[in-house]
Asker: 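Below: one structure in structure tokens.
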Amino acid sequence: MKKPLTRRGFIRNAAAGSAALTWLGAHHPPQAFAAEAAKPALLGGTPVHQGGWSEWPKWLESWEPAVLKVLRSGRWYRGDGGHVAEFEAGYAKLLGAKRCLATASGTTALLVALHVMDVDAGDEVIVSPYTFVATYNAILINKALPVFADTDPATLTIDPASIESRITDRTRAILPVHIYGMPCDMDPIDAIARKHKLAVIEDACQAWLAEYKSQKCGTLGDLACFSFQNSKHIPSGEGGAVTGNSDELLDRCHAFHNVGRATGTFKGAKPYFTRGGNYRMQQFQAVILMQQFEKLVRETARRRENADYLSTHLKEIPGIQPARLPENSRAVWHLYPFRYDAQYFSGLTREKFLKALAAEGIPCSGGYHEQYFDGLLDEAINSRGFKRLFSAERLKAYRESFQDLKGNRHVCATTVALSQNLLLADRRDMDHIVEAVRKIQSHGAALAKAVA
Ligand SMILES: Cc1ncc(COP(=O)(O)O)c(C=O)c1O
């Protein structure tokens, strides 16, 4: 790649001079060439993409009889399983997991998995900071400390090299998050876990059908958690699952999610052998989910195809870096992220770039921010319970450690993310995304000046 200075100089010329545009034309298809010359939508030009994007969630009329049948049966709760058990068998099969337990949500799946892996009050769990805040909360609700490893800016997932230095005598588990459906590099994580006798719980809440070295996410740790919330690739309004390959662990999960009632291995004279809550899925959720197995497989293939196409073309644009996946792995792209370097866009800030891209008809966001500075962790560590469970020195050092998350800070400041429904569109629409980025780059300096 050319040096930033040369590129910046080139981009300035490209916006103003025809010689640079001729150079550009030799490298890119004619339609991109035309779009680059056009005025950005934010400066009064025509948006590159018009006509919107696919709505989400989508359902088919053919699902209605199954839902109506549940309604008319009056059997809406889980009880001994019914459709929920059918869904569990189907979802486990889809992943190649031995077992699946359906839950009320991804959060409750995490609560169940953390409890069953013996994460107790006063313990510590090493976790990706770059995740939806529910991951932090599930650990905090168990009165354990979420200890953040750093994020690898190239992959946006947990940097395995940053885990070991964070292990203390309180650490019980590692909780890697396959964020945006991109698998974490699990081999080094597993090796660290084995060495220090720690549990591995995958947060696969955004990773339905993602693959790492030919195995599906959800089968790579001791237990894994999924979400089927409304925005997800297989939604049921709310819903979740714990998956794994151990009958004993899944029987424990089942009991804990069902007020501690013994099942499977634990069925005996005493029905309540453990504590538990009510984290059960309803029959309605299960029938809606079961309608979507084939749809999930089909749409995953489409998202992958479009994401691969986008990555190929976006990485040709100086200053745009699509995420790198671990070797031999396949993402499912709940969001499609790339990292943005303002230097190559005449200093146009990421926030202004997001506005310019949205104005071109490409909905986008900056992904997650540094949520550990939002107050939820301060509220937790200043609570009576946490003060009783951890020493003042530990909590002080813990709070200070957020400053060390340099990789995560960089990722939070430079990521641009497109939501999954964009990847269900046509190839021509993917070209629009690439064209819009190129157009903004060509007019970076003007946009930097004009946009508030
Ligand atoms: C990474 C991650 N973890 C956990 C959750 C929690 O799932 P739910 O919203 O179903 O409780 C989500 C859901 O958005 C998520 O994206």
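Not measured: the values here are computed from a predicted model. Atoms within each ligand, like the ligands themselves, are counted from 1 in listed order.
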Asker: Is the closest N or O pair between Asp203 and ligand 1 shorter than 3.5 Å?
Answerer: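 Checking ligand 1 against Asp203, an N or O pair does fall under 3.5 Å apart.
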Asker: Does Arg298 pair with Glu294 as a salt bridge, N-O distance under 4.0 Å?
Answerer: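 Glu294 and Arg298: salt-bridged.
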Asker: Provide, to 0.1 Å, the distance between atom 11 (O) of ligand 1 and the closest protein heavy atom, together with that atom's residue and name.
Answerer: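 Going atom by atom, the protein heavy atom closest to atom 11 (O) of ligand 1 ends up being Thr107 OG1, 2.6 Å.
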Asker: Go through the steps for His49 and Ile433 under the test side-chain contact (heavy atoms from CB on, under 4.5 Å), then give the verdict.
Answerer: CA-CA 8 Å; His49 183 81; Ile433 296 171; over 6 Å; no
Asker: Do the rings of Phe228 and Phe226 sit parallel, tilted or perpendicular, given the 30° and 60° boundaries?
Answerer: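 The arrangement is parallel - the two ring planes meet at less than 30°.
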Asker: I need the single residue from Tyr180, Phe148, Tyr372 that forms a ring-ring contact (aromatic ring centres under 6.0 Å, His included) with Tyr130. Which is it?
Answerer: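 Single pass found, and it is Tyr180.
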Asker: Which heavy atom of the protein is the closest neighbour of atom 16 (O) of ligand 1, given with residue, atom name and distance?
Answerer: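 For atom 16 (O) of ligand 1, the nearest protein heavy atom comes out as Gln206 NE2, 2.8 Å.
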Asker: Thinking salt bridges, do Lys98 and Asp247 make one under a 4.0 Å N-O criterion?
Answerer: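 Salt bridge flag = yes for Asp247 with Lys98.
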Asker: Does His334 come within less than 4.0 angstrom of ligand 1, counting non-hydrogen atoms of the residue?
Answerer: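 It does not; every heavy atom stays at 4.0 Å or beyond.
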Asker: Mind running side-chain contact (heavy atoms from CB on, under 4.5 Å) on Ile167 and Ile126 for me, showing each step along the way?
Answerer: CA-CA 8 Å; Ile167 295 174; Ile126 297 185; 3.6 Å; yes
Asker: If I apply the N/O under 3.5 Å rule, does Gly106 come out as touching ligand 1?
Answerer: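 N/O-N/O distance under 3.5 Å: yes.
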Asker: So that I can tick it off, tell me whether Glu88 and Arg78 are bridged by a salt bridge, with the cut-off set at under 4.0 angstrom between side-chain N and carboxylate O.
Answerer: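 Looking at Arg78 and Glu88, the cut-off is met.
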Asker: What about Thr108: any of its N or O atoms under 3.5 Å from an N or O on ligand 1?
Answerer: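 No, there is no polar N/O contact under 3.5 Å.
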Asker: In ligand 1, which numbered atoms sit nearer than 4.0 Å to a non-hydrogen atom of Ala134?
Answerer: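 Here the atoms of ligand 1 in question are 4 (C), 5 (C), 6 (C).
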Asker: Run through Arg172, Arg170, Arg394, Arg166 and flag the one making a salt bridge (charged side-chain N to carboxylate O under 4.0 Å, His left out) with Glu124.
Answerer: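 With Glu124 as partner, Arg172, Arg170, Arg394, Arg166 yield a single salt bridge (charged side-chain N to carboxylate O under 4.0 Å, His left out), made by Arg394.
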Asker: Show which atoms of ligand 1 fall inside a sub-4.0 Å distance from at least one heavy-atom site of Thr135.
Answerer: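 In order of numbering, the contacting atoms are 3 (N).
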Asker: Evaluate Thr131 for polar contact with ligand 1, using N/O atom pairs at a separation under 3.5 Å.
Answerer: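 No, since none of the N or O atoms of Thr131 sits under 3.5 Å from an N or O of ligand 1.
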Asker: What protein heavy atom lies closest to atom 12 (C) of ligand 1? Include the residue and the distance to one decimal.
Answerer: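 Of the protein heavy atoms, Phe132 CD2, 3.6 Å lies nearest.
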Asker: Enumerate the atoms of ligand 1 whose separation from the nearest heavy atom of Ser105 is less than 4.0 angstrom.
Answerer: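 Selected atoms, number and element: 10 (O), 11 (O).
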Asker: Measure the distance from atom 2 (C) of ligand 1 to every protein heavy atom, then report the residue, atom name and distance (to 0.1 Å) of the closest one.
Answerer: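 So the nearest neighbour among protein heavy atoms is Cys205 CB, 3.4 Å.
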Asker: Do Arg384 and Phe386 form a cation-pi contact, if we require the NZ or CZ to be under 6.0 Å from the six-membered ring centre and within 45 degrees of the ring's axis?
Answerer: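 Negative - Arg384 is either too far from the ring of Phe386 or too far off its axis.
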Asker: Can you pull out the closest protein heavy atom to atom 14 (O) of ligand 1? Residue, atom name and distance to 0.1 Å, please.
Answerer: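 The protein heavy atom lying closest is Lys232 NZ, 2.5 Å.
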